[in-house]
Structure formats: C-alpha cells, structure tokens
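One-based numbering, in listed order, for ligands and for the atoms of each.
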Amino acid sequence: MARAKVQYICQNCGAAHTRWSGRCDACGEWNTLVEESDGTGIAAGPAARSRKGRIVEMQPLDGESEDAPRIKADVSELDRVTGGGFVPGSALLLGGDPGIGKSTLLMQASAALARNGNPVVYVSGEEAVAQVRLRAKRLGIGTSAADGTTVQLVAETNVENIVTTLEAGKAPALVVIDSIQTLWSETVESAPGTVSQVRTSAQAMIRYAKASGAAVVLVGHVTKEGQIAGPRVVEHMVDGVLYFEGEGGHHFRILRAVKNRFGPTDEIGVFEMGDRGLREVANPSELFLGERNRAAPGAAVFAGMEGRRPVLVEIQALVAPSSLGTPRRAVVGWDSSRLAMILAVLEAHCGVRLGGHDVYLNVAGGYRISEPAADLAVAAALVSSLANKPLRENGVYFGEVSLSGHLRPVSQAAGRLKEAAKLGFDNATFSSGGQKLSKPGLKANTIETLADMVVELVSPSDGGES
Ligand code: TYD
Ligand code: MG
C-alpha cells in the first residue's frame with residue numbers, strides 16, 4: 001500500500017527535505033522544518049479533492065483605477081522615498097541597524113501626521129510608554145492637533161491583542177509596529193523573533209492593513225550580513241521595503257527604498273541626526289562636500305545622481321608604495337571589484353603602474369556610491385594621488401569606464417552639470433558620447449578615453465590648476 005508522502009518544508013527558505021532535522025541544509029536556519037503533506041496521492045485526502053473553488057471575477061488590465069491616495073507625512077525626505085506619502089491599506093518594512101534612528105524617524109513622522117489631523121497608533125514592543133514619551137519630549141515635537149487628533153501609544157507584543165485593540169476603534173491613518181521582531185502570536189509555539197513568529201505576526205498586521213485601510217509600518221532590525229533579521233519572507237509580503245542606513249561615526253543617515261510597489265526605488269532621503277532628532281537635509285551635496293580639501297592631490301569631485309536628484313561627493317584616493325608582496329586595496333563607500341577593474345584598465349591602457357602600490361579609496365562623509373558613473377572620478381583621484389598633483393580646481397568628473405579604456409556617456413549629464421554649476425564648480429570632465437550639450441553652465445571638457453584624462457593630468461602644459 002502506498003504510504004502518505006510526507007515532506008519537511010523549511011519555513012525560512014522553502015526547501016523540501018525527506019527527513020526532519022534540526023537545521024535546514026539549504027539556508028542553515030535552525031528549527032525551521034515543519035511537516036507538510038505534499039498534497040498528492042492518498043495524503044491529499046478526499047476532503048481536499050472534493051472542495052470546489054468559487055468563481056472569482058476577472059478584470060481587464062486596461063480598466064480604470066484611481067491613483068493610490070497618499071497620506072503625506074510632511075517629512076519631505078520620507079515622502080520622497082515612499083513616492084509621495086504612505087498609501088492607505090499598504091504595509092511598509094523599515095529596516096536598519098539598531099540605534100540608527102528608525103524609532104526616531106517614525107516618531108517624528110507620526111507626530112507630523114497627527115498634527116495634520118491623521119490619527120496614528122504607535123505600538124512599541126521595545127520601549128515602555130514612559131520611554132517613548134520621554135523621547136518625544138526630547139525631540140520637542142508637539143504631537144496633538146487642535147482637534148485632539150494625537151499619537152496613541154501601545155506597549156504590547158502580542159499580535160492578537162494588538163489587532164483586536166486596533167479593530168475595536170476607528171481605523172487610524174497609520175500604525176507603526178516597533179519592531180516586528182518583538183511580536184508574537186499565540187498560534188505559533190516558537191519564541192518571539194523566530195522566523196515563524198515574525199512571519200505570522202507580519203501576516204496578521206498586513207491582513208489588518210488591507211482590511212482596515214490603515215497604512216502599516218513594520219520596523220525590522222538588520223543582521224550583520226545586512227539582511228532584515230530572520231525572515232527575508234517579510235520582504236516579499238510587504239508593499240515596500242525601506243532601509244535606513246548610515247556610517248558609524250557620521251551623523252547623517254540615508255533612507256533608501258529597495259522595493260516599492262507604489263513608486264520609484266531609486267530615490268534617497270537624507271537626514272542628519274542631531275541632539276533634537278533627525279533633521280532633513282534638502283541639499284545633500286552641500287553636506288558631502290562640506291569639508292572639502294580643494295587643492296589636495298588624490299581628491300576628485302564626482303557628480304552623481306540618486307534617482308532624479310544630483311548628489312555631488314568627493315572621492316579621495318591615497319596611492320603609496322607598498323612593502324607588501326600583495327599590495328593592499330582598501331575601499332570605503334565603493335565596490336572593491338569595480339576598483340580592481342579601474343586599476344586594471346589604468347595599467348593596461350594608460351600605462352599607469354599601480355601594481356607595487358597600496359591603494360586606499362574613500363568616499364567622503366561615509367556616503368556609498370553604487371553608480372558606475374563614478375569610474376572616471378575614481379580614476380582621476382587615483383592618478384592624481386600617484387602623480388602627487390592636484391586635479392583641476394573647481395572641477396567635477398563623471399563617466400563610466402569600459403574594459404577597453406573608452407568612456408561611456410552616462411545618463412542625466414545635463415542634471416549633473418546643472419547641479420555642479422549651482423554649487424560653484426566651473427569645469428566638468430566627462431564623456432558626452434559625441435552629443436553636444438546646450439548651455440552646460442560651466443566649461444565642458446569632453447574626453448573619449450581614460451588615457452585622455454591621464455595625459456591631460458600629467459602633462460605639464462595643459463594639466464593641473466591651469
Ligand atoms: P533610535 O531611533 O532609538 O534607533 P533605532 O530605533 O533604529 O534602534 O535612535 C537611537 C540613537 O539615536 C541613539 O543612539 C541616540 C540617537 N539620538 C540622537 O542622537 N538624537 C536624538 O534626538 C535622538 C532621539 C536619538
Ligand atoms: Mg527603536
């Protein structure tokens with residue numbers, strides 16, 4: 001007789017195992033295997049087979065639907081990243097290292113919402129009501145509107161209690177869960193913070209959001225590897241994932257969208273953490289260029305883009321003779337394999353030998369660049385440091401370097417130039433790809449290859465601070 005086929009499914013990664021074990025071989029999580037029948041053969045059972053679904057309505061794709069309405073938080077850097085405000089009935093996950101300022105950001109946004117007449121419920125699973133109040137007081141934020149709309153605090157971690165409490169009253173505009181890792185459900189036996197608890201709790205809160213039309217923000221702590229601790233599954237369940245990040249020792253913070261079903265994912269919000277909470281930074285270039293060392297060798301200003309917003313940032317390189325067999329390559333704020341590529345192109349096509357040198361590369365201010373357009377600025381900083389010669393004063397650089405040593409034009413050149421001109425730069429080195437830019441606003445120094453840049457920098461007649 002055929003036996004019911006039983007599988008053990010990892011609740012974290014979904015891998016199927018034929019035998020139970022304490023640890024999933026696929027993802028390495030402990031205690032996540034759960035017995036599930038595979039739904040075929042005898043195990044599926046007559047009940048399962050006879051259940052007939054009901055007919056659901058189909059809709060044409062090109063039918064009319066309204067734009068998602070928005071609840072603006074009045075924290076414009078946050079609204080920019082969410083794509084114009086919180087969407088009612090949606091769920092957002094806000095991830096970040098402990099202590100980065102997630103609670104502070106959400107408390108400030110909650111207070112601003114309440115001041116504009118949107119009721120907010122702030123569920124704190126980590127801090128007691130008194131602590132949250134104290135923080136709000138320290139932030140100096142008035143949290144009540146004239147009509148009595150305010151931020152209601154709840155210190156609770158049981159998800160059934162939270163949902164029942166929320167359902168008892170009128171649905172608020174926003175519910176903040178700080179944090180999802182502290183929630184637990186009675187229907188699951190494992191401890192709070194485990195994969196299944198976090199998943200069940202997140203599901204309950206998302207269901208509440210869809211049913212009530214309240215926007216729900218879940219706070220999640222991030223592990224050392226940079227993932228939202230435990231369940232990556234929560235990332236799939238929610239409508240948007242935002243990361244709040246910053247470098248240790250620097251007091252500015254960047255909010256980034258990595259997933260957004262209602263808006264773009266390439267926008268960033270920039271904040272500065274002060275003694276009275278987070279301050280919005282409307283012009284990030286000024287912050288990143290703040291302590292610029294104008295005439296030092298090894299420093300190049302990169303005209304970057306974050307979404308539709310230009311961000312100018314200084315790239316610093318230090319190239320020094322190495323005493324090591326394998327010279328050191330250290331990078332902060334950029335991709336180290338990208339640096340290896342630039343070094344190889346400089347060596348192969350421009351005759352710049354860096355094989356016997358240690359190379360240190362730093363993006364000023366703790367900012368992190370992900371654009372390949374920074375290639376040219378990095379190369380300029382490296383060559384400038386090696387030659388011990390400062391780059392053109394008041395100049396910016398951008399361009400993607402290909403393996404052949406040619407420069408590729410990058411997107412939104414006009415926007416980059418405009419921002420550079422606005423901040424007082426008077427020349428730009430980049431590749432235009434043969435196109436003519438009308439009115440760049442500063443001296444455009446277009447080049448075709450990386451070698452052009454190197455030649456110009458090291459030749460005594462036309463380089464340097466001429
Ligand atoms: P918090 O919002 O509690 O971080 P998270 O919720 O992400 O864990 O922020 C805590 C840090 O922020 C703490 O180290 C102190 C700092 N901070 C300030 O510098 N200024 C302030 O006004 C506040 C409220 C916090
Ligand atoms: Mg917190």
Side-chain angles (χ1 to χ4, degrees), residues 73-75 77-78 81-82 86 91-115 120-143 151-157 159 162 174-184 192-193 197-198 201-202 205 216-231 234-235 238 240-258 268-281 287 365-366 368:
D74 244 7
V75 179
E77 295 291 303
L78 173 63
V81 177
T82 52
F86 296 112
L92 269 183
L93 180 65
L94 173 66
D97 290 325
I100 205 77
K102 301 180 293 296
S103 306
T104 308
L105 175 68
L106 289 173
M107 183 46 74
Q108 286 181 239
S110 301
L113 277 172
R115 277 198 304 275
V120 177
V121 176
Y122 194 102
V123 182
S124 174
E126 291 181 353
E127 293 163 274
V129 167
Q131 271 176 299
V132 181
R133 271 201 195 125
L134 214 66
R135 185 211 306 262
K137 210 164 260 147
R138 202 151 66 80
L139 292 173
I141 40 183
T143 57
V151 179
Q152 297 286 350
L153 296 177
V154 182
E156 178 59 64
T157 55
V159 72
I162 292 170
L174 177 73
V175 179
V176 177
I177 303 289
D178 189 3
S179 68
I180 186 69
Q181 271 110 340
T182 58
L183 291 201
W184 62 283
Q197 280 289 8
V198 169
S201 309
M205 291 316 304
V216 170
V217 177
L218 309 172
V219 173
H221 292 296
V222 164
T223 61
K224 285 193 292 298
E225 298 82 43
Q227 291 182 355
I228 298 208
V234 175
E235 294 193 11
V238 292
V241 179
L242 310 182
Y243 273 95
F244 204 33
E245 46 188 43
E247 282 293 325
H250 293 286
H251 44 243
F252 71 87
R253 308 273 183 265
I254 293 176
L255 185 68
R256 243 177 239 283
V258 293
I268 62 165
V270 184
F271 297 89
E272 194 176 359
M273 180 66 96
D275 53 356
R276 302 198 77 198
L278 291 158
R279 189 180 68 81
E280 295 177 63
V281 178
L287 184 71
R368 186 165 59 80

Let me see the working for Q131 and E126 under side-chain contact (heavy atoms from CB on, under 4.5 Å), right down to the final yes or no.
CA-CA 10 Å; Q131 271 176 299; E126 291 181 353; over 6 Å; no
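- Between D178 and ligand 1, not a single N/O pair is under 3.5 Å apart.
- Scanning both residues, G277 and T104, for their nearest heavy atoms gives CA-CG2, 4.1 Å.
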For V129 and Y122, run side-chain contact (heavy atoms from CB on, under 4.5 Å): C-alpha distance rounded to whole Å, both residues' side-chain angles, the deciding distance at 0.1 Å, then the answer.
CA-CA 10 Å; V129 167; Y122 194 102; over 6 Å; no
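- The atoms of ligand 1 that sit less than 4.0 Å from any heavy atom of L139 are 22 (O), 24 (C).
- Here the heavy atom of the protein found nearest to atom 20 (N) of ligand 1 is G274 O, 2.6 Å.
- What sits closest to atom 17 (N) of ligand 1 on the protein, heavy atoms only, is M273 SD, 3.7 Å.
- Under 4.0 angstrom from ligand 1, the non-hydrogen atoms of P98 all belong to its backbone.
- Using a 4.5 Å heavy-atom threshold, the side chains of R368 and I254 count as separate.
- Proximity of M107 to ligand 1, defined as any heavy-atom pair under 4.0 Å, is not found for any part of the residue.
- The protein atom (non-hydrogen) at minimum distance from atom 2 (O) of ligand 1 is T104 OG1, 2.6 Å.
- Formation of a donor-acceptor pair under 3.5 Å by the E127 side chain with backbone atoms of V132 is not found in this model.
- Within ligand 1, the atoms closer than 4.0 Å to a non-hydrogen atom of G101 are 1 (P), 2 (O), 4 (O), 5 (P), 7 (O), 9 (O), numbered from 1 in the order shown.
- Of all protein heavy atoms, the one lying nearest to atom 14 (O) of ligand 1 is G99 O, 4.1 Å.
- Scanning all protein heavy atoms for the shortest distance to atom 3 (O) of ligand 1 gives R135 NH1, 3.1 Å.
- Across all non-hydrogen atoms, the minimal contact from R135 to S103 is NH2-CB, 3.5 Å.
- Both the backbone and the side chain of K102 come within 4.0 Å of ligand 1, counting heavy atoms alone.
- Closest to atom 6 (O) of ligand 1, if we only count protein heavy atoms, is S103 OG, 2.6 Å.
- Among the atoms of S103, an N, O or S atom is found under 2.8 Å from the Mg ion (ligand 2).
- Looking at R138 against ligand 1, only its side chain comes within 4.0 Å, counting heavy atoms.
- Atom 22 (O) of ligand 1 has G277 N, 2.7 Å as its closest protein atom, hydrogens excluded (heavy atom only).
- Of all heavy-atom pairs between E235 and Y243, the closest is OE2-OH, 3.3 Å.
- Applying the 4.0 Å criterion to heavy atoms of R276 picks out, from ligand 1, the atoms 22 (O).
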Passes side-chain contact (heavy atoms from CB on, under 4.5 Å), L139 versus Q108? Steps please.
CA-CA 8 Å; L139 292 173; Q108 286 181 239; 4.1 Å; yes
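- Side-chain contact check for E77 versus V281: every heavy-atom pair is 4.5 Å or farther apart.
- At a 4.0 Å heavy-atom cut-off, ligand 1 touches D275 through the backbone alone.
- In this structure the side chain of I162 reaches within 4.5 angstrom of the side chain of L183, judged on heavy atoms.
- Looking at every heavy atom in both residues, A202 comes nearest to V234 through CB-CG2, 4.1 Å.
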